[in-house]
Amino acid sequence: MVGLPNNSFAHLMERDTKTYVLKRLVDEAVPRKLSIDYAAALNSQQLAAVTAGEGPSLVIAGAGSGKTRTLVYRVAYLIDSGIDPSQILLLTFTRKSSQEMLDRAGELIGVRSERVRGGTFHSVANMLLRRYGRSIGLEPGFTILDRGDAEDLIALVRSQLGLNEKDKRFPRKGTIAEMFSKSENTLRPLAEIVVEEFDHFSDHLDALEQLQRGYQASKRQRQLVDYDDLLVLLRRLVMEDEGVRRTISSLYRYILVDEYQDTNRLQADVVRHLASTHHNVMVVGDDAQSIYAFRGATFKNIMEFPALFPGTIIYKLEENYRSTQPILNLANTIIEAATERYSKHLFTRKLDGPLPVLVEAAGENAQSRFIAQKILELREEGVPLSEMAVLFRSSFHSFDLEIELSRHGLSFIKRGGVKFIETAHVKDLLAHMRVVANPLDAVSWHRVLMLVEGVGPKKAQDVMAALVKSDKPYHALREMTGRSGKGLKDLALTLESLAGSGDLRPAEQVNHIYEYYLPILKTQYDDYPKRMRDLDHLQTIAEGYQEVETFLSDLALEPPDGSAAGVEATDRDDERLVLSTIHSAKGLEWQCVFVIWIVDGRFPSVYSFSEDEGLEEERRLFYVSVTRAKRHLYLTYPINVFDRGSGMILSKPSRFLDPVSPGQLDQLVLMEEGGRADWYSRDDH
DNA sequence: CAGAGACGCTTTTTT
DNA sequence: AGCGTCTCTG
């Protein structure tokens, strides 16, 4: 290990890692004098990782162990050591987290950090495919389909293939998209996925395979790329085109990957090939926090990393800086029951703190009222609203709470769930920009045409067929006759004004379309004023962009934070509570965390009962939620909840609490004011 | 053939 | 609540 202050980290390596002698860094890469005092800023484990030499490294970073800090310092250290920042590639889970890390690195090392390349796998794939994708038949102007677009295209292809006969129970487009996606992300044939996870649709396997081929062909033909394609195609590019592989690999000589436990096989392959010429790859993650198996992620990636990269040195970060001992005790107990993981032991120096509280409520509304009341209390005690969060398994779990919070005048922002960008009216407006940007985009054409008065599925198909044949599509549009003639003419005029008048900036395009679209919006939705405000918001976002192409792909790859409902409440004050799905809370922390719906059947959800793997994932998810809390942790569960899916009444707290001893938790039962139990005053909705 | 209204079904998590 | 399907009307 080069550059280490001592050699005492051998004991940190375990499992069957082989040893490998590391060469010293070449002399000119070794800084004569570093500008930062790393040893003073980091603990010894962090320091070891930050100053690691060349070659593959695996950093096992427990929850709250300063993982981000370590990555930030690693970036700074590399730059400090004289490495060209533009040769560093930082792959993260969200672009926001990459931006945050680079900003922090900038504070340490200065503006040089701005040249570091960073982003999500998907956004990096987007960038590389636009630049080098020609060799696998991709034009630089391709359009990115989000999940909803992908489903729409699947539906379109299905009807073209005549597979929508209503005789039998054919899976819905969302389910089909799920199957396809799982197949791509796990590199397994569709048949396997269907038989294993969707056995009740096995009868339709032939049709599904046909549909999958049709969907793939349609995407390629029209220069459309869905989320999975970004990874699949990048993988293909770096695996099949040796020239491109060498080019890209030599472009990024130092690769850092955050949240490695949530990568899938495609991403692991990409990393492996990108690092093929230099092996300078450092991955950071925590196997105990792997929560994305549903999209093909496998914590096995992190377990197998040392085997894939011979000579890997393993670093472990085990000191937790976030939580108090009582919270950590609970977290440790929960995760100890997990079956397969790297052994590590988290410890903290924050010994004192209140015990986590387990709260039983008579029903959902009692739970909501408890949360609202407690939040007000904590705020009185001086905990700022922005230091509190409510976490839940599924987005809809917070519906009742949202109403209750509004009633108490508490403002919040919701993360996860339906995004602003996914609402029908925003997609409608964007579809107009997209047909101009990519006239082959059948999904958007279909959407745009269906909005025209008098156009239905049949007419839309006919128009699209005519457009494909014509080399002047807008001209052809104007020639259309019949009931919908006038509407199509108006559409043609609008689109021409976008395409014709040179390079209109995104914000100007949004304006033009808005004018055309407003009457449609008004006839389609009774609640149009609310939706107009979303479109104003979109306008504001567009103002930040110079190019339509970047605007569109950014929206698809990194939708703005906050759900549809949250948007209207924006920028009143920054003193806001966070409501979040556990998935969206990854990497974040708060003084006080409430986790709601800790009831067996909701968390873990009934869907996960059947498979051990599913249950293990839910356990890790629970672990993630608990370890978000710094000081106060409330776990709440309603009882006497009817679950429609299973037909059961749920009343038992999550099974993940079974191994927790009574001394580790304070237990509360809620009573109505006046002393009576509150079970008859609940849930009027 | 488009569009509106009614009804039954099913509901995780996200780039 | 939202999607898909079915039915009815113009």
Euclidean distance, atom CZ of residue R619(A) to atom P of dT13(B) [Å, nearest integer]: 22 Å
Counterpart residues, ring-ring contact (aromatic ring centres under 6.0 Å, His included), relative to Y516(A) (two or more places apart): H432(A)
Given dT13(B), dA2(B), dT15(B), the nucleotide with the shortest approach to the side chain of S395(A): dT13(B)
Residues in ring-ring contact (aromatic ring centres under 6.0 Å, His included) contact with F93(A), at least two apart in sequence or another chain: Y292(A)
Atom pair distance, as rounded to whole Å: OH in Y525(A) and C1' in dG3(B): 15 Å
Nucleotide of dT14(B), dT12(B), dT15(B) approaching S584(A) most closely (side-chain heavy atoms): dT14(B)
5'-most by nearest nucleotide on DNA chain B - R393(A) or V452(A): V452(A)
Which residues share a ring-ring contact (aromatic ring centres under 6.0 Å, His included) with F198(A), sequence neighbours left out: none
Rounded distance (Å) that lies between atom C1' of dT13(B) and atom CD of E178(A): 10 Å
Residues in ring-ring contact (aromatic ring centres under 6.0 Å, His included) contact with F603(A), at least two apart in sequence or another chain: F622(A)
Nucleotide nearest E453(A) when distance is taken to its side chain, options dG3(B), dT12(B), dT10(B): dG3(B)
F294(A) aromatic ring stacked with six-membered ring of dT13(B), 5.5 Å and 30°: yes
N301(A) and T298(A): side chain donor to acceptor below 3.5 Å: no
Sugar-phosphate only, base, or nothing, as touched by Y292(A) at under 4.0 Å among non-hydrogen atoms: sugar-phosphate
Whole-Å gap separating C1' (dT11(B)) and CZ (F603(A)): 17 Å
Polar atoms only, N or O, under 3.5 Å: list the protein pairs with nucleotides 7-9 of chain C and their distances.
none

Spacing of L391(A) atom CG relative to dT13(B) atom P, expressed in whole Å: 14 Å
Atom-pair distance (NZ on K96(A); C1' on dT15(B)), nearest Å: 15 Å
Whole angstrom value for the distance that separates P of dT12(B) from CD1 of I596(A): 17 Å
Among dT13(B), dT15(B), dC1(B), the nucleotide that comes nearest once only the side chain of K458(A) is considered: dC1(B)
Length of the CG-C1' vector between D152(A) and dC3(C), whole Å: 12 Å
Upstream residue (5' side of DNA chain B) when D462(A) and R295(A) are each assigned their closest nucleotide: D462(A)
Per R172(A) side chain, nearest of listed nucleotides dG4(C), dT14(B), dT15(B): dG4(C)
S608(A) side, atom OG; F294(A) side, atom CZ - distance, nearest 0.5 Å: 13.5 Å
Candidates dG4(C), dT15(B), dA2(B) - which lies nearest the side chain of K173(A): dG4(C)
Selected nucleotide, minimal atom distance to T581(A) side chain, candidates dT13(B), dG4(C), dC1(B): dT13(B)
Residue list, salt bridge (Lys or Arg N to Asp or Glu O under 4.0 Å) with R220(A), at least two apart or on another chain: D229(A)
Test item: side-chain donor near acceptor, R130(A) and N126(A), under 3.5 Å: yes
